[in-house]
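A quick write-up on the structure given underneath.
Remember, predicted model here, so these are calculated numbers, not experimental data. Residue numbers run from 1 in the order of the sequence given.
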Amino acid sequence: MERILAPSILSADFKVLGEQMELCEKSGAKYLHFDVMDGMFVKNLSFGIPVLASIQGHTGLVMDVHLMIEEPIRYAEAFANAGADILTVHYEACENLQETVDKIHACGMKAGITIKPDTPVDVLVPYLDQAEMFLIMSVEPGKGGQKFIPESLEKIRTLRALLEERGLHTDIEVDGGIGLDNVKTVLDAGANVIVAGSAVFKGDLSENVSEFVRIFEEDE
């Protein structure tokens, strides 16, 4: 499966975001990860629909939007109009996850489903053929800079095995605490979409992205 880097703009410098997006794309990133927090599902607040809309049309990167908000079905259409390509919602945040996934698809986006670190992978079984991507959170959602939770590796392996048993080659994204020092372990467990924040945006952005891509290519 194709290995994809999704830099998280939660760690970007918004004064030069346009320049940083361009550097990410030129250096080999494919997605731009966009974390939306509502202060309810998670304690923190972050950017939302107006910021995403302002980016629309200014990059060729896939807009990979992760909603850490209560009842995200309420905003599916608005995020689609703002330019989201993939809309990922939390299993724990949806009263009716099936309706939410159906709404995302009806709005013309790919659907992602994610779970918190304490939520077992088994809850995803009824939806394995419903989403284009599953996101394993390897830190607690809500803030950047946390350390990778090692138990996440077993969850990735389990999810990949469940998908393969059904003949599904669905993307598995992993978000939280991933850097150049541990990304190969995450890939080897079965993930193929990697979210990285500080590991991309701290230091030389182009060099960081290029190094991630080099590791991806060696691992294929």
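- The distance between the ring centers of Tyr127 and Phe134 does not fall below 6.0 angstrom.
- Enclosure of atom OH in Tyr91 is not indicated, since only 12 or fewer non-hydrogen atoms of other residues, nucleotides or ligands lie within 6.0 angstrom.
- Proximity of a side-chain donor or acceptor of Ser138 to a complementary backbone N or O of Asp175 within less than 3.5 Å is detected.
- Residues Ile4, Tyr31, Val62, Ile86, Met133 make up the rest of the hydrophobic cluster containing Val193, defined by ILVMFWY side-chain heavy atoms closer than 4.5 Å, directly or through other members.
- Side chains of Glu132 and Thr170: no donor on one and acceptor on the other come within 3.5 Å.
- Side chain of Asp64 to backbone of His33: no donor-acceptor contact under 3.5 angstrom is found.
- No side-chain N or O of Glu22 forms a donor-acceptor pair with one of Thr59 less than 3.5 Å apart.
- Under 4.0 Å is where a charged nitrogen must lie from a carboxylate oxygen, and between Glu2 and Lys30 at least one such pair does.
- With respect to Arg157 and Glu154, a salt bridge is recorded, a charged nitrogen being found less than 4.0 Å from a carboxylate O.
- Put simply, the side chain of Glu140 reaches to within 4.5 Å of the side chain of Pro117, judged on heavy atoms.
- Each of Val16 and Val51 belongs to its own hydrophobic cluster when Ile, Leu, Val, Met, Phe, Trp and Tyr are linked at side-chain heavy-atom distances under 4.5 angstrom.
- The backbone N or O of Gly190 lies less than 3.5 Å from a partner atom in the side chain of Arg160, making a donor-acceptor pair.
- Residues Leu23 and Val209 form no side-chain contact, since every pair of their non-hydrogen atoms from C-beta on lies 4.5 Å or further apart.
- Electrostatic pairing of Arg214 and Glu218 counts as a salt bridge here, judged by a charged N lying under 4.0 Å from a carboxylate O.
- Stacking of Lys116 on the aromatic ring of Phe41 is recorded, both the 6.0 Å distance cut-off and the 45° axial limit being met.
- With 3.5 Å as the limit, one finds a donor-acceptor pair spanning the side chains of Gln98 and Asp102.
- Judged by distance alone, with hydrogens and angles left aside, the side-chain atoms of Gln20 form a donor-acceptor pair with the main-chain N or O of Asp13 at under 3.5 Å.
- A side-chain donor-acceptor contact under 3.5 Å links Ser46 to the backbone of Met37.
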